[in-house]
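Below: the structure, in structure tokens.
As the structure is a computational prediction, the values presented were derived from the model and not from experiment. All heavy atoms count here, side chains included; hydrogens, waters and symmetry mates do not. Below, chain A is the first sequence line, B the second, and so on; all start at residue 1.
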There are 2 protein chains.
Amino acid sequence: MLEIISRGETYGYEITQQLRELGFTEVVEGTVYTITMRLEKNKLVDIEKKPSTKGPPRKFYTLNAAGQEQLGFFWGKWEFVSSKINELKTK
Amino acid sequence: MLEIISRGETYGYEITQQLRELGFTEVVEGTVYTITMRLEKNKLVDIEKKPSTKGPPRKFYTLNAAGQEQLGFFWGKWEFVSSKINELKTK
DNA sequence: TACTGGTAATCGGTAATACAAAGTACCTGT
DNA sequence: ACAGGTACTTTGTATTACCGATTACCAGTA
């Protein structure tokens with residue numbers, strides 16, 4: 001989700017759909033929103049509310065500096081863990 | 001841990017050391033044992049107690065059929081998730 | 001005008017997981 | 001007797017995963 005948000009401002013409902021398109025077909029809104037809430041709580045995102053023509057106002061998220069940093073940490077860890085797991089798998 | 005156990009019977013203390021050698025240097029015993037407990041609870045392992053010359057008896061684990069199956073599930077999921085994440089990373 | 005359906009966010013709750021500090025037990029060597 | 005390595009267990013906190021249900025907003029239509 002950090003990575004998805006890093007590509008440009010987006011909101012919960014849209015993130016859900018993007019995840020579904022990505023192949024995580026069974027992801028439901030509740031799951032996504034608990035994560036957006038966490039991002040808010042941890043102050044990793046900036047928030048801007050904008051009206052929608054198709055329903056209630058959208059809460060747009062963008063990564064702030066802390067969020068960028070967190071995303072960097074994530075990729076570092078991912079690199080480490082996934083290489084180890086793949087090593088374990090093939091060896 | 002399922003993968004490690006699948007390579008031949010082993011016990012908690014040894015698993016901890018193997019994980020450390022693998023690069024997960026900060027893994028402590030408590031963490032490993034909570035997982036072995038879970039494996040027991042979920043009946044994914046067979047257990048055999050054997051005396052040790054260097055301390056208290058060891059509790060050796062081997063994967064049973066359910067454990068093998070679970071490991072298979074894991075690798076399937078790993079394949080899926082890691083490919084998606086990498087796709088997200090590079091795209 | 002009521003209602004259906006898609007869009008959008010929140011709330012409330014359960015179960016599982018991660019992680020570790022501390023404690024117990026066993027054994028060998030000094 | 002005790003220090004130190006081996007080995008397992010207990011106990012506890014915080015976080016995470018996950019989702020069902022609810023609320024809200026809006027457009028079309030019957």
Side-chain angles (χ1 to χ4, degrees), chain A residues 1-5 9-62 67 70-71 73-74 77-78 80-81 84-85, chain B residues 1-5 9-62 66 70-71 73-74 77-78 80-81 84-85:
Chain A
M1 282 193 35
L2 285 172
E3 177 62 31
I4 287 172
I5 294 169
E9 73 172 3
T10 182
Y11 53 98
Y13 193 78
E14 194 181 47
I15 293 170
T16 308
Q17 292 172 325
Q18 285 185 47
L19 287 171
R20 292 219 179 108
E21 278 168 36
L22 256 170
F24 299 100
T25 52
E26 69 299 333
V27 170
V28 298
E29 288 172 70
T31 303
V32 170
Y33 284 106
T34 35
I35 298 173
T36 60
M37 299 299 183
R38 184 155 74 239
L39 297 180
E40 289 186 33
K41 197 185 86 189
N42 297 345
K43 298 194 198 314
L44 303 178
V45 284
D46 288 337
I47 306 173
E48 205 184 341
K49 230 167 190 164
K50 296 184 190 175
S52 164
T53 53
K54 302 184 177 178
R58 298 164 173 166
K59 238 171 120 177
F60 282 87
Y61 296 107
T62 46
Q70 199 56 36
L71 180 57
F73 287 156
F74 171 79
K77 259 186 195 164
W78 171 256
F80 176 75
V81 171
K84 291 302 178 194
I85 297 288
Chain B
M1 283 191 34
L2 285 173
E3 178 62 32
I4 287 172
I5 295 168
E9 71 172 5
T10 183
Y11 53 98
Y13 194 77
E14 193 180 46
I15 293 170
T16 308
Q17 294 172 324
Q18 285 185 46
L19 286 172
R20 292 221 180 105
E21 278 168 35
L22 256 171
F24 300 98
T25 51
E26 70 297 332
V27 171
V28 300
E29 287 171 73
T31 303
V32 170
Y33 284 106
T34 38
I35 297 172
T36 59
M37 298 299 182
R38 186 156 72 237
L39 297 180
E40 289 186 32
K41 198 186 86 188
N42 297 346
K43 299 194 195 321
L44 302 178
V45 286
D46 289 337
I47 305 173
E48 204 183 342
K49 231 168 190 163
K50 296 183 188 176
S52 163
T53 53
K54 303 184 176 175
R58 296 165 175 166
K59 236 169 122 178
F60 282 88
Y61 296 106
T62 46
Q70 199 56 37
L71 180 56
F73 287 154
F74 171 77
K77 259 184 197 167
W78 171 256
F80 176 76
V81 171
K84 291 301 177 193
I85 297 290

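- Distance alone, capped at 3.5 Å, is enough to place a donor-acceptor pair between the A:Y33 side chain and the A:Y13 backbone.
- Checked by atom type and distance alone, the side chain of A:K84 pairs as donor or acceptor with a backbone atom of B:L22 at under 3.5 Å.
- A:K59 comes within 4.0 angstrom of sugar-phosphate atoms only, judged by non-hydrogen atoms across all strands, and of no base.
- Rounded to whole angstrom, the span from the CD atom of A:E40 across to the C1' atom of C:dA9 amounts to 10 Å.
- The CD atom of B:Q17 sits 10 Å away from the C1' atom of D:dG5 (whole-angstrom rounding).
- Contacts between residues 29-39 of chain A and DNA chain D, counted as heavy-atom distances below 4.0 Å, involve A:G30, A:T31, A:T34, A:R38.
- What separates CD of A:Q18 from P of C:dA8 is a distance of 12 Å, to the nearest Å.
- As rounded to whole Å, 13 Å separates atom P of D:dC19 from atom CZ of A:F24.
- Atoms CE (A:M1) and C1' (C:dA9) sit 13 Å apart, rounded to a whole Å.
- Comparing C:dC26, D:dC25, C:dA9 against the side chain of A:Y13 picks out C:dA9 as the nearest.
- At a threshold of 4.5 Å between non-hydrogen side-chain atoms, the residues B:Q70 and B:F73 count as touching.
- One interatomic measurement links the two molecules: CZ of B:R20 to C1' of D:dA7, which rounds to 13 Å at whole-angstrom precision.
- Between the NZ atom of A:K49 and the P atom of D:dA24 there is a distance of 13 Å, rounded to whole Å.
- Residue A:K41 contributes atom NZ, which lies 18 Å from atom C1' of C:dA9 at whole-angstrom precision.
- When the side-chain nitrogen and oxygen atoms of A:Y11 are compared with OP1 and OP2 of C:dA9, none of them lie within a distance under 4.0 Å.
- For the helix from C:dT1-D:dA30 to C:dT30-D:dA1, the rotation axes defined at the first and last 5 base pairs enclose an angle of 20°, given to the nearest 10°.
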